[in-house]
Trainee: 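Let me begin by handing over the structure; questions about it come next.
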Amino acid sequence: MSPSHAPDGRFTNPVIPGFHPDPSVCRVGDDYYLACSSFEYFPGVPLFHSRDLVHWRQIGNVLDRPGQLRLPIGMPSSGGIYAPTLRHHDGRFWLIVTNCSEGGGNLIVTATDPAGPWSDPVWAPGVPGIDPDLAWDEDGTCWCTVAGVAQVRLDPSTGRTYGTPHRLWSGAPGAKAPEAPHLYRIGDHWYLLIAEGGTERGHGVSIARGPAPTGPFEPCPANPILTHRGTDHPVQNTGHADLVQAPDGSWWMVLLGVRPGGGTPGWHVLGRETFLAPVTWVDGWPVVGEVSLEAPAPGWPLLPGADEEGRDDFDAAELRPYWISPRDRPAEHYGLRERPGWLTLRARGGSLDEPDVVFAGRRQQHLSCRARTLVDAAAGRGGLAVRLDERHHYEIEASATEVRVLARVGSLSTVVAARPHCADPAVVLRVEITEPPAPHGPRTGPDVVSFGVEGPDGTFTALATLDGRYLSTEVAGGFTGRVIGVYAAEGTVHVDWFAYEPLTP
Ligand code: 6LW
């Protein structure tokens, strides 16, 4: 389900739609690899592969075993895994990332095959902050640079740091949140790329250069080299970038951005997504081309989109890499064996209001889409949910006796609709997310979310239609985006299949 089919000579952004923030990219030969943040979800750090920078396919998750990713019981959303840096050095892939939750810190994992397995983590307690970057200088010394912006010498194979962290450069005077540093040797200079202004509408990208990885750094006179702050551009919050050079010598930037919808102030519901922009060099400084929803394609043939299947029949031995769950996914709560061809969800005492709910979902990647699932809740209660976090979610759920639609917004929870269950306890639940009906005004929301059931002949009966703004980052806060999936709130719920279908690009 690649987003990037556009007329010849152009590609569509975002190149990785949906909640895929803080992209970090590297190239090895003709292959590009990209990693993103994952926060409270397990498995963590989705990893993508591309041959053309435009079409990306998820090949795994870097932190896919409990030994690599431990998130505390009851941890609220938007804790956990923040902002990785992915690099290839000395024949190996290196990934450094912060686990922001209690008992966490900065960790380093390595792999020879980026599809995995990745190593157990090496912890680096001396790294003084979040958003860690790894860069090696000519003599093999490794520098770790973090938000702030500060730097320390690091042995990435042991996690040991040497010397006292020193300040490098903090972007524009007075600008908030200098973060997301990445350090590169390009030509005669060392370049320090950072984000500043915060990850909201003020976000931007700035750069400085110096003679050595340790500086001193001179800011680019054209800073910020990228920002959409104060514009009416459809892509907002542009920042947190990484640079990569293609085999033909051209340069590219991956970055995060959002697509706010509706009237004022604009609500983004898919989280922060990964965009691609061309980069040229003028007087030794990078100049970022337009970050547009449709942009001129790179000068090489684009490969056909690796269409991902939108439907899962749960026939495989393991869940596909796009399935994510809050905190962890133990086999006793997420079973693929007890009823072959079905995903069996066993509740652990919590509804969707709990951070540790038994929920398996995929990111909503399209502004309009439909998700359908066949659930058998004869021995429990559960169904199909659109989850922003544990305090912001809408769902349609079945039990042995009833189908109902529920909404939780902040501290308000309500049953929106209910109807008795008809004979068969296995029922097809459906959610459809579409543009709000016209006319649009300053108070129009970003989308509408309709829930209902399908009859045996496929006819759809809507039970409730809700304003989507309450499942947006502007309402809920935090760093994530919508995830659509199946859950068990009580007892055991069996899921025969789950189908996700885009209704717009
Ligand atoms: C991340 C920071 C940021 O640590 O958001 O947009 C934070 N940039 O660099 C969480 O993703």
Side-chain angles (χ1 to χ4, degrees), residues 14 16 18-25 34-41 44-46 62-63 71 75-86 95-101 104-107 127-134 144-151 168-172 175-183 192-207 224-229 235-243 253-260 268 270-275 277 288 291 324 363 388-389 473-474 476-483:
I16 309 182
F19 151 48
H20 292 109
D22 308 327
S24 178
V25 67
L34 185 149
C36 297
S37 302
S38 49
F39 302 96
E40 72 267 28
Y41 288 101
V45 187
V62 173
L63 306 177
L71 299 171
M75 182 192 80
S77 288
S78 288
I81 295 293
Y82 282 31
T85 292
L86 176 66
L95 185 126
I96 185 165
V97 70
T98 316
N99 182 342
C100 286
S101 57
N106 285 295
L107 64 100
V127 167
I130 63 164
D131 296 359
D133 173 77
L134 294 178
C144 182
T145 310
V146 296
V149 171
Q151 187 184 66
L168 289 187
W169 175 58
S170 298
K176 76 169 181 178
E179 58 191 11
H182 289 305
L183 191 61
L192 176 59
L193 184 78
I194 66 164
E196 58 180 341
T199 196
E200 305 82 19
R201 296 291 191 271
H203 216 193
V205 179
S206 290
I207 197 161
I225 59 170
L226 170 65
T227 186
H228 286 178
R229 64 180 73 124
V235 183
Q236 289 289 316
N237 302 24
T238 49
H240 200 121
D242 200 2
L243 291 170
M253 176 178 274
V254 294
L255 61 132
L256 72 76
V258 305
R259 293 182 280 169
H268 74 277
L270 301 188
R272 299 168 300 161
E273 312 178 271
T274 290
F275 290 77
V288 188
V291 182
I324 51 174
R363 292 154 174 93
L388 200 284
D389 63 26
T473 299
E474 284 75 6
F479 296 125
T480 63
R482 285 190 193 156
V483 179

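We count ligands from 1, going down the list as the structure has it; atoms in each ligand are counted the same way.
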Trainee: Considering only the protein, which heavy-atom contact is closest to atom 3 (C) of ligand 1, and what is its distance?
Mentor: E179 OE2, 3.4 Å
Trainee: Would you kindly say whether S24 and D242 are connected by a side-chain donor-acceptor distance under 3.5 Å?
Mentor: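 Yes, because at least one side-chain N or O of S24 sits under 3.5 Å from a partner of the opposite role on D242.
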Trainee: Might you point out which heavy atoms bring V291 and A277 nearest each other, and give the distance in Å?
Mentor: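 Heavy atoms of V291 and A277 come nearest at CG2-CB, 3.9 Å.
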Trainee: In terms of residue, atom name and distance, what is the protein heavy atom nearest to atom 11 (O) of ligand 1?
Mentor: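 The closest heavy atom on the protein side is D22 OD2, 2.5 Å.
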Trainee: Check each atom of ligand 1 against the heavy atoms of I130 and keep those under 4.0 Å away; list them by number with element.
Mentor: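 With I130 as reference, the close atoms of ligand 1 come out as 4 (O).
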Trainee: Taking non-hydrogen atoms only, is T98 closer than 4.0 angstrom to ligand 1 via side chain, backbone, both or neither?
Mentor: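 Neither; nothing of T98 gets under 4.0 Å from ligand 1.
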Trainee: Any sub-3.5 Å donor-acceptor pair from S170's side-chain atoms to G148's backbone N or O?
Mentor: yes
Trainee: Check E273 with R363, please: is the shortest side-chain N to carboxylate O separation under 4.0 Å?
Mentor: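 A salt bridge is absent here (no side-chain N lies under 4.0 Å from a carboxylate O).
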Trainee: How close does the nearest protein non-hydrogen atom get to atom 4 (O) of ligand 1, and which residue and atom is it?
Mentor: D131 OD1, 2.6 Å
Trainee: Between D133 and H182, do the side chains contain an N or O donor and an N or O acceptor separated by less than 3.5 Å?
Mentor: yes
Trainee: Going by the atom numbers of ligand 1, which of them fall below 4.0 Å from some non-hydrogen atom of A83?
Mentor: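 Near A83, the atoms of ligand 1 are 4 (O).
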Trainee: Mark up the atoms of ligand 1 that fall under 4.0 Å of a heavy atom belonging to F39, in ascending order.
Mentor: 10 (C), 11 (O)
Trainee: Give the numbers and elements of all ligand 1 atoms closer than 4.0 Å to a heavy atom of L256.
Mentor: 6 (O)
Trainee: What protein heavy atom sits nearest atom 6 (O) of ligand 1, and how far away is it?
Mentor: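 Answer for atom 6 (O) of ligand 1: T199 OG1, 2.7 Å.
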Trainee: Do the side chain of T238 and the main chain of H228 share a donor and acceptor less than 3.5 angstrom apart?
Mentor: yes
Trainee: What protein heavy atom sits nearest atom 5 (O) of ligand 1, and how far off is it?
Mentor: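 The closest one turns out to be R272 NH1, 3.1 Å.
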Trainee: Whether the S37 and D22 side chains hold a donor-acceptor pair (N or O, under 3.5 Å, no angle test) is what I'd like checked.
Mentor: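 Note: S37 and D22 side chains meet the donor-acceptor criterion.
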